[in-house]
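Because only heavy atoms are used, hydrogens play no part in the values below, and waters and symmetry mates are left out as well, while side chains stay in.
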Amino acid sequence: LDGYESTTMTTFEQLAGLPPYGDPAIGFPLEWASRGSEGVVVKFDVPGAGAWVGNFAPGILGLSWVSRHPNGEDVLVSAQGALYSVNPRTRKAIEVCSVAFSAIELPDGIVFERQGLAFFKIGRAGVEWSTRRISWDGVRNVRVDGERLLGEACSPHDDGWISFEVCLRSGKATGGSYDGPDRLEWEKLA
């Protein structure tokens, strides 16, 4: 949905870099912006309020992507894995996840792969659910099958792959290779 067009909704587009003219870009987070670095640069044009540019700090690795938030008003910006939810009218952003590797768009939201270890879903109201850790180190063959997210999780025991399943309504995960405790408390079910 890069550059989504509408006469009443905010439009947005990812730019190749910081514009050499106009007002300075607003950096996210502010402490990162004070260093004068360039991250993922996005221009927002808000009907009745004008245009502005955001400069988003990149994560360590991962997805670089811009899309309309499922709520229809906000914008999701992923800067090399650092995922931000941006309110273009207030010019504020919050970091949702520091390492998002991939995104799967669904009719009612977007599922993100967290660091190759787990998943979470953003719907109209924000983060709807987050799975427990599923893998020790990476996932593959991830796909949607009806109301389920299916895939394979890397096993450290034999370098093999173990199947997992995630309910897309609740975020409840079964299977996978990780069998340790949820020390990071990632699991938040709908």
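For the ring-ring contact (aromatic ring centres under 6.0 Å, His included) test, no residue two or more places apart in sequence or in another chain qualifies with W161. Shown here are the ring-ring contact (aromatic ring centres under 6.0 Å, His included) partners of F112, two or more places apart in sequence or in another chain: W65, F120. With sequence neighbours excluded, the residues that form a ring-ring contact (aromatic ring centres under 6.0 Å, His included) with W52 are F44. Residues satisfying the side chain to side chain contact (heavy atoms under 4.5 Å, CB included) test with I162, not counting sequence neighbours, are S155, S177. Residues satisfying the ring-ring contact (aromatic ring centres under 6.0 Å, His included) criterion with F101, sequence neighbours excluded, are absent altogether.
Here the CZ atom belonging to F119 is positioned 7.0 Å from the OG1 atom belonging to T131, to the nearest 0.5 angstrom. Once rounded to the nearest 0.5 Å, the distance linking CD of E147 with OG of S170 reads 10.0 Å. Considering OH of Y84 and CD of E95, their distance stands at 5.0 Å, rounded to 0.5 Å. To the nearest 0.5 angstrom, S130 atom OG is 11.5 Å from E185 atom CD. Within the model, atoms CD1 of I134 and CG of L117 stand 9.5 Å from one another, a figure rounded to the nearest 0.5 Å. In this structure, the separation between CG on L184 and CZ on R133 is 7.5 Å, given to the nearest 0.5 Å.
Side-chain atoms of F164 and R148, non-hydrogen and from C-beta on, never get closer than 4.5 Å to each other. Contact of the V75 side chain with the V66 side chain is registered, since non-hydrogen atoms from C-beta on lie closer than 4.5 Å. Within the 4.5 Å cutoff, side-chain heavy atoms of V46 are placed close to those of P88. Side-chain contact between P70 and L76 is present, with at least one heavy-atom pair separated by less than 4.5 Å. In this structure the side chain of W136 never reaches within 4.5 angstrom of the side chain of C154, judged on heavy atoms. Within the 4.5 Å cutoff, the side chain of L150 has no heavy atoms near those of the S163 side chain. You'll find the side chain of V166 reaches within 4.5 Å of the side chain of W129, heavy atoms only.
When the shell of 6.0 Å around NZ of K92 is examined, it contains 12 or fewer heavy atoms from other residues, nucleotides or ligands. Within 6.0 Å of the CZ atom in R169, the count of heavy atoms belonging to other residues, nucleotides or ligands does not exceed 12. Counting heavy-atom neighbours within 6.0 Å of R124 CZ, excluding the residue itself, gives a total of 12 or less. The neighbour count for D137 CG, taken as heavy atoms of other residues, nucleotides or ligands under 6.0 Å away, does not exceed 12.
The backbone N or O of L149 sits nowhere less than 3.5 Å from a side-chain atom of D145 that would complete a donor-acceptor pair. Looking at S64, its side chain does come within 3.5 Å of a backbone N or O of Q80 through a donor-acceptor pair. N141 places no side-chain N or O within 3.5 Å of a backbone atom of G151 that could act as its donor or acceptor partner.
Taking all atoms of both residues into account, the shortest heavy-atom contact from S78 to V40 is O-CG2, 4.4 Å. For the residue pair W32 and P58, the shortest heavy atom distance occurs at CZ2-CD, 3.8 Å. What you find for L168 and G146 is that their closest heavy atoms are CD1-O, 3.8 Å. The nearest pair of heavy atoms linking G54 to F28 is CA-CE1, 4.2 Å. Heavy-atom minimum distance, P29 versus A57: CD-CB, 3.7 Å. The two atoms that bring E187 and R132 nearest to each other are CB-N, 3.7 Å, heavy atoms only.
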List, one per line, each side-chain donor-acceptor pair under 3.5 Å for residues 17-26, sequence neighbours excluded.
none

Residue pair D74, R68: steps toward the salt bridge (Lys or Arg N to Asp or Glu O under 4.0 Å) verdict:
CA-CA 6 Å; D74 297 335; R68 174 96 39 219; over 6 Å; no
